[in-house]
K.L.:
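Please read through the structure below; I'll follow up with questions.
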Amino acid sequence: MDKAAADISISSQIQSSEFRNKSSYYSKKLSITNSSYVRVMFLLGILQTIGLVFFTRGFLLSRSVLSDLSTCKSQNRLLEDSYNGTCFHPYHFEKAVILVIDALRFDFTIPFDNVTEDSPDYYYHNNFNVFYDRFQNEPGNSLLLKFIADPPTTTLQRLKGLTTGSLPTFIDAGSNFDGDTVFEDNLLSQLFYNNKTVAFAGDDTWTSMFSPFLNRSLTFPYDSLNVWDLHSVDNGVVDHIFPLLENQNQQKWDVLIGHFLGVDHCGHRYGPDHYAMKDKLEQLNLIVERVIQQLSDDTLLVVFGDHGMDSTGNHGGESTDEVEAALFMYSKRKQFKLLEDKINYDISNGGEKYRKVNQIDLTPTLAMLLGIPIPFNSLGSPIAEAFMIDETKYAMASMLASSQINNYRLSSSELKDDEDVNDLFKRLKELWAKRDLPLQNLEFIEKSVAYQQLSLGKCKEKWARFNDFNIWIGIVLIFLSLVVLIVYSKLVPAVVVSQLNYQCFLASIILILVYCVLCSSFVLIFKPEGLELSWALILGVALGIANGILAPIMDRYSLFWCILQVKENLVQNGWTYCGMLIILLHSLIFASNSFIIWEDKIVSFWLSSFGFLAFFKSLKNEERRKRVIGAYHSFIFMLLTRLVSMINACREEQGDKCFSNFKMTWWSIGLLYVSAIVLPILVEQYYKISYSFQGPASIWISKGFRAVLLMIAVLWTLEYVENDEYMTKTFDIPFATIKTLRLTLGRVILGISFFAANFGWNAGPLCVRVELEQKEVEVAISTKKSKRTAPKMEMQKTAKIIGYGNVYGSSYFLFIINILCSVLVVAKPLGGVSLFILTNQLLTLFELVDILSIRTNLISVVVLCLLGYLHFFTTGHQATLQSIQWEIGFMFTETISFPITHLAIILNTLGSFILVALAVPLLSLWKIPPTNKPVALVSKIAEGSMTMLIYQTCLTLVTLITTNNLRRHLMVWKIFAPRFMLNALILFLMNIILTFVSVGYASVKVILRWYSVFGG
């Protein structure tokens, strides 16, 4: 029977009375088998999720926060002096204006020579000169310093550090978009408790964190996360702060806070080297000048950036550009005195040696300048220049800050027993008692600074509290899940697995109850640190699942027998060894920060190696046609891998060895139009190989698919026009109309690709065409007399099914195309080009899998996984927080709108992994005719899906082990921890996609569709 088409007798099958019985039988059997696989895979997903949660809970850092509140009385007692119940402070301002310019990098504020319109730094240098000009012209009234942020450099963590004076924690980064009220002692709470009125306008993060302490009638928050909007927040701040600065309104407030977001949003959307950045810096320069002019004599102005930005405009990590912000202080009375060493204020080489202060130093400085207690958890030092106008007063400020640090340390069970720090404070108090002479003041200041620095260093060593018990529970559970996956999917025959699925599920439910009782009893008796009763029950669920799935298998087969089946069930040939070697090497690279940094190039090398091996393997094929086709597809696979590897979104650690070209340019937009024309043609050609360009394929691929791709190209053209400097300044473009059109077009594309197209696919027909024809056939006729059969020619209707040889794969790939369109609409232009290449690589891989007969081989799934990683990198991502393209969340809405905003970010970030996870069934379905053993086919699909989980589980397990082992490594939070989080996120996503979509829905849908139309 031809693989492309098949003749089926109408009278014998299509019109057979047994048709409905066969269809019902296959549907029922498939549904039972499929649901059993889904249940077991769902349990495995729960097991792995619990393991990841335990590890994360034990590893991601938490800081001990004390609930104590500082008071004037308690701080006076620390100094062993009495000040009539009021806070003693060397200087006192009645009011303060605090302006936060989000992402104001230090080098934006100092002058640079030789900057021309052709210079790459033209848009962000020499456009914000108000700080430096005032600092040079009024040194006693102003102060400009480099303001160093503690990573993670995300806004919420920076605001916590700036207001509490405490160190941030990495785990807080996860709450950057879900800020809770900060009840830890902070500047705003101290202002509130000391009857000061705080007015605010700007980033709504402040209201989510400090709403109880802000005056409700003087609070004007604006949505902070729409990075596509450069002006609404800044204009809103301007509209409210200047009326409040007018003389008749200044009595309404004591502290006025404004938080500008335009610079940060411009960086996220365009990067620093964009004309919009120049416009925004110039606008803010004028705003600060205007504020200075309206200040009263008893008002302190403080302007600072909460963090910087890297060369792409993003932040979150700890590179120099991300942590170096600017701090500017101004008063109309003489307040500041500079250090004698002029090198501290040298701006040569971009201010490389310019004086730095920690951001947590602002907390005690502002508290003392405003006459309120220093927040209890503060670890910062007073900024010297703000107090050095009188050395005696500076000594008092230093003692006050040191005493508060000592009080905090003595109240902390983690820190109170550090003898080195405690002894230094005792010597400090001895010096304080003998502070009468000026020389002794200088000596005391020196010792006080040393104490504060030593204390901060010790705190940074202990700020992280790792819970080893939870960490190792997580590692063990992930290891158990890997063992279960290998035994379940690889070491036991598929027919046995399908028979045992129900027993595995039932055993898991029973053992979950047993282990929950055992784990809860263990906690109640031994009370291990970090394992509360609720978490003991969760651990019981995980152990019950692991043992429940293995129990029925071990009841039938011993573990020794399963191990003996490795050669038969797991290792098929040399390709399997190749796949195992890649998994091993990919796992081992996570032990080295250098290899992690260059993972994108390593993955590209492995994929090229596969293409190279496939080329020579194809040449050994006995059939000449397969030799030529296999060699051709191998070459194309290598060529596409090389081409897509030229798309680079570099990470900071790669330095000058990587050139980032992941930007929106006119030629990248042009490539989208080329893709829109070429990609449907290429997909059509792959369909025509198996005569499957029939029915819905001919309509959707040639018309619908192409139309959606063209709409995506138009969408990004509108975005390019809206953001291009030449277009903006040359033509009178109605940008409001373009913005509305862009949002509308984005919603239409998402609606078509994600919803309408999949609804149509779910109800649509197979990609086959049936040709009816009359055919003269010879039939045997028996006669009564001779009792012998005699041949007779008879006309009979037959049906020729065009596309029979790829009936499953052709239909399933249409589903892949639908999801591809949903991912393409949120991918930046070069990311869209990368996905265009990924589509071709997938089709090429499926052809090679068929030619090389490696459908069920480990190597086929390994290559699929590698494609996911390769295109994760080439769509503009890296395993870093700052590479997340948050701005894509506003492709369809102007504000955060659940779940559309979140869906856009997930599709953008993990789109390549979603596509390869959905493609796993095609390894079994591509270019095969309908089978009369559908249960075996479903088992192969489930096995392939679990093989992908095995690969990703291996990578995740090794990242857990290496990240824990290197948790005191200098690069742990910059390289190792983000990489572990990426692997964990991918594993969680793959469990969902593979279980509920690839196995649970789409693959079974196309198999059942054949039997619902043609029976067996």
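All residue numbers in this chain count up from 1 along the given sequence.
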K.L.:
Hey, would you say the Tyr354 and Phe106 ring centroids sit under 6.0 Å apart?
P.N.:
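Under 6.0 Å, so yes.
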K.L.:
Examine distances only and state if a side-chain atom of Ser897 and a backbone atom of Thr893 form a donor-acceptor pair shorter than 3.5 Å.
P.N.:
no
K.L.:
From Leu144 CG over to Arg134 CZ, what is the distance, rounded to the nearest 0.5 angstrom?
P.N.:
13.5 Å
K.L.:
I need the minimum non-hydrogen distance between Leu281 and Phe108, along with the two atoms involved.
P.N.:
CD2-CD2, 4.2 Å
K.L.:
Taking C-beta and beyond as the side chain, do Val288 and Ile292 meet within less than 4.5 Å on heavy atoms?
P.N.:
yes
K.L.:
Is the closest side-chain donor-acceptor distance between Ser208 and Thr205 under 3.5 Å?
P.N.:
no
K.L.:
Looking at Lys160 and Gly165, would you say the former's side chain and the latter's main chain have a donor-acceptor pair under 3.5 Å?
P.N.:
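No: the side chain of Lys160 does not pair with the backbone of Gly165.
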K.L.:
Please verify the inter-ring angle class for Tyr394 with Phe387; under 30° counts as parallel, over 60° as perpendicular, anything in between as tilted.
P.N.:
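Parallel.
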K.L.:
Just so I know, are the side chains of Glu324 and Ile148 near enough to count as touching, which here means a heavy-atom distance under 4.5 Å?
P.N.:
yes
K.L.:
When you measure from the side chain of Thr219 to the backbone N and O of Asn215, does any donor-acceptor pair fall under 3.5 Å?
P.N.:
yes
K.L.:
Could you measure the distance from the CG atom of Asn186 to the CG atom of Asn377? Nearest 0.5 Å is fine.
P.N.:
10.0 Å
K.L.:
With the threshold set at 4.0 Å, does a side-chain nitrogen-carboxylate oxygen contact exist between Lys458 and Asp418?
P.N.:
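Answer for the salt bridge query: yes.
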K.L.:
Out of Ser455, Ser381, Ser448, which one pairs with Ser402 under the side chain to side chain donor-acceptor pair (under 3.5 Å) rule?
P.N.:
Ser448
K.L.:
Determine whether Tyr345 and Phe135 satisfy the following criterion, ring pair (Phe, Tyr, Trp, His ring centres under 6.0 Å), listing intermediate values before the conclusion.
P.N.:
CA-CA 10 Å; Tyr345 312 103; Phe135 183 51; 5.8 Å; yes
K.L.:
With rounding to the nearest 0.5 Å, note down the distance linking CE in Met329 to CD1 in Ile383.
P.N.:
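Result: 5.5 Å between the selected atoms.
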K.L.:
What is the minimum heavy-atom distance between Ala977 and Phe59, and which atoms define it?
P.N.:
CB-CE2, 4.3 Å
K.L.:
Ignoring hydrogens and geometry, is there a side-chain-to-backbone donor-acceptor pair from Asn249 to Leu245 under 3.5 Å?
P.N.:
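No; judged by distance alone, with no hydrogens or angles, the pair does not exist.
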K.L.:
Could you work out, with salt bridge (charged side-chain N to carboxylate O under 4.0 Å, His left out) as the rule, every residue matching Arg269, not counting sequence neighbours?
P.N.:
Glu719, Glu722
K.L.:
Any chance you could lay out the side-chain contact (heavy atoms from CB on, under 4.5 Å) test for Leu327 and Val302, step after step, and finish with the verdict?
P.N.:
CA-CA 7 Å; Leu327 170 65; Val302 182; 3.9 Å; yes
K.L.:
According to salt bridge (Lys or Arg N to Asp or Glu O under 4.0 Å), does anything in residues 207-219 pair up with another residue at least two apart or in another chain? List the pairs.
P.N.:
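Non-adjacent pairs meeting salt bridge (Lys or Arg N to Asp or Glu O under 4.0 Å): zero.
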K.L.:
With heavy-atom distances below 4.5 Å as the criterion, would you say the side chains of Val237 and His259 are in contact?
P.N.:
no
K.L.:
Should Asn141 and Lys332 be marked as a side chain to side chain donor-acceptor pair (under 3.5 Å) after you check the CA-CA gap, both sets of side-chain angles, and the distance that decides it?
P.N.:
CA-CA 6 Å; Asn141 301 85; Lys332 289 194 173 179; over 6 Å; no
K.L.:
Ring centres under 6.0 Å, that's the criterion: do Phe425 and Tyr451 meet it?
P.N.:
yes
K.L.:
With a 4.5 Å heavy-atom cut-off, do Leu284 and Phe260 have their side chains touching?
P.N.:
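Sidechains of Phe260 and Leu284: in contact.
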K.L.:
Would you check, one step at a time, whether the test side-chain contact (heavy atoms from CB on, under 4.5 Å) holds for Asn344 with Leu338?
P.N.:
CA-CA 9 Å; Asn344 285 297; Leu338 305 186; over 6 Å; no
K.L.:
Taking the side chain from Gln404 and the backbone from Phe376, do they hold a donor-acceptor pair closer than 3.5 Å?
P.N.:
yes
K.L.:
Do the side chains of Phe93 and Arg333 get nearer than 4.5 Å, heavy atoms only?
P.N.:
yes
K.L.:
Quick one: CG on Asn235 to CG on Leu230, what's the gap to the nearest 0.5 Å?
P.N.:
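It comes to 10.5 Å.
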K.L.:
Rounded to the nearest 0.5 Å, what's the gap from CZ on Phe210 to CG on Leu191? Could you check?
P.N.:
11.0 Å
K.L.:
Please answer whether the main-chain N or O of Asp254 pairs with a side-chain N or O of Thr197 as donor and acceptor at a distance below 3.5 Å.
P.N.:
no
K.L.:
Are there more than 12 heavy atoms of other residues, nucleotides or ligands under 6.0 Å from atom NZ of Lys95?
P.N.:
yes
K.L.:
Begin from the C-alpha positions of Asp229 and Ser232 and carry the test side chain to side chain donor-acceptor pair (under 3.5 Å) through to its verdict.
P.N.:
CA-CA 6 Å; Asp229 187 349; Ser232 294; 2.5 Å; yes
K.L.:
Is a donor on one side and an acceptor on the other found under 3.5 Å between the side chain of Thr363 and the backbone of Leu162?
P.N.:
yes
K.L.:
Just by modelled atom types, is the Val130 backbone N or O under 3.5 Å from a matching donor or acceptor in the Asn285 side chain?
P.N.:
yes
K.L.:
Just by modelled atom types, is the Leu244 backbone N or O under 3.5 Å from a matching donor or acceptor in the Trp253 side chain?
P.N.:
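At least one qualifying donor-acceptor pair exists.
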K.L.:
State, with a plain yes or no, whether a side-chain heavy atom of Phe328 is found less than 4.5 Å away from one of Leu145.
P.N.:
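The answer is no, as the side chains (C-beta and beyond) never meet within the 4.5 Å cut-off.
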K.L.:
For Ile374 versus Ser70, what's the shortest heavy-atom pair and its separation?
P.N.:
O-OG, 2.7 Å
K.L.:
For Asp223, give me all partners under side chain to side chain donor-acceptor pair (under 3.5 Å), at least two apart in sequence or on another chain.
P.N.:
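Partners of Asp223 by the side chain to side chain donor-acceptor pair (under 3.5 Å) criterion come out as none, since no residue qualifies.
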K.L.:
Holding to salt bridge (charged side-chain N to carboxylate O under 4.0 Å, His left out), I want the full list of residues that pass it with Glu282, two or more places apart in sequence or in another chain.
P.N.:
Lys278
K.L.:
Please determine which of Gln335, Arg355, Lys337 meets the side chain to side chain donor-acceptor pair (under 3.5 Å) test together with Glu385.
P.N.:
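With Glu385 as partner, side chain to side chain donor-acceptor pair (under 3.5 Å) holds for just one option, Arg355.
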K.L.:
Search all heavy atoms of Ala149 against all heavy atoms of Asp306 and return the closest pair with its distance.
P.N.:
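Looking at all heavy atoms of both residues, the closest pair is CB-O, 3.8 Å.
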K.L.:
Can a donor-acceptor pair be found between the side chains of Lys280 and His265 at a distance below 3.5 Å?
P.N.:
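Checked: Lys280/His265 side chains show no N/O donor-acceptor pair below 3.5 Å.
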K.L.:
Would you please name every residue forming a side chain to side chain donor-acceptor pair (under 3.5 Å) with Gln453, sequence neighbours left out?
P.N.:
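Side chain to side chain donor-acceptor pair (under 3.5 Å) check on Gln453 returns nothing, list empty.
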K.L.:
Side chains of Thr164 and Ser378, heavy atoms from C-beta outward: is any pair under 4.5 Å?
P.N.:
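Side-chain contact under 4.5 Å: no.
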K.L.:
Nearest heavy-atom pair of Pro375 and Thr163: which atoms, and what distance?
P.N.:
CG-O, 3.9 Å
K.L.:
Checking Asp361 side chain against Asn358 main chain: does a donor-acceptor pair fall under 3.5 Å?
P.N.:
yes
K.L.:
Whether the Gln190 and Asp185 side chains hold a donor-acceptor pair (N or O, under 3.5 Å, no angle test) is what I'd like checked.
P.N.:
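Indeed, the side chains of Gln190 and Asp185 share at least one donor-acceptor pair under 3.5 Å.
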K.L.:
Identify the heavy atoms of Ser398 and Gln452 that sit nearest to each other, and give their distance.
P.N.:
O-NE2, 3.3 Å
K.L.:
Would you say Glu184 and Ser166 are linked by a side-chain donor-acceptor pair, where the criterion is simply a distance under 3.5 Å?
P.N.:
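Yes, Glu184 and Ser166 have a side-chain donor paired with an acceptor closer than 3.5 Å.
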K.L.:
Going by atom types only, do Glu138 and Tyr330 share a side-chain donor-acceptor pair under 3.5 Å?
P.N.:
yes
K.L.:
Could you state the interatomic distance from CG (Leu300) to CD1 (Ile98), rounded to the nearest 0.5 Å?
P.N.:
8.0 Å
K.L.:
If the plane angle is over 60° it's perpendicular, under 30° parallel, otherwise tilted; pick one for Phe131 and Phe128.
P.N.:
perpendicular
K.L.:
Mind checking side chain to side chain donor-acceptor pair (under 3.5 Å) for Asp107 and listing every partner two or more places apart, or none if nothing turns up?
P.N.:
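Arg105, His125.
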K.L.:
Pairing donors with acceptors under 3.5 angstrom, does anything connect the side chains of Trp886 and His268?
P.N.:
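There is no such pair (donor and acceptor under 3.5 Å, judged by atom type) between the side chains of Trp886 and His268.
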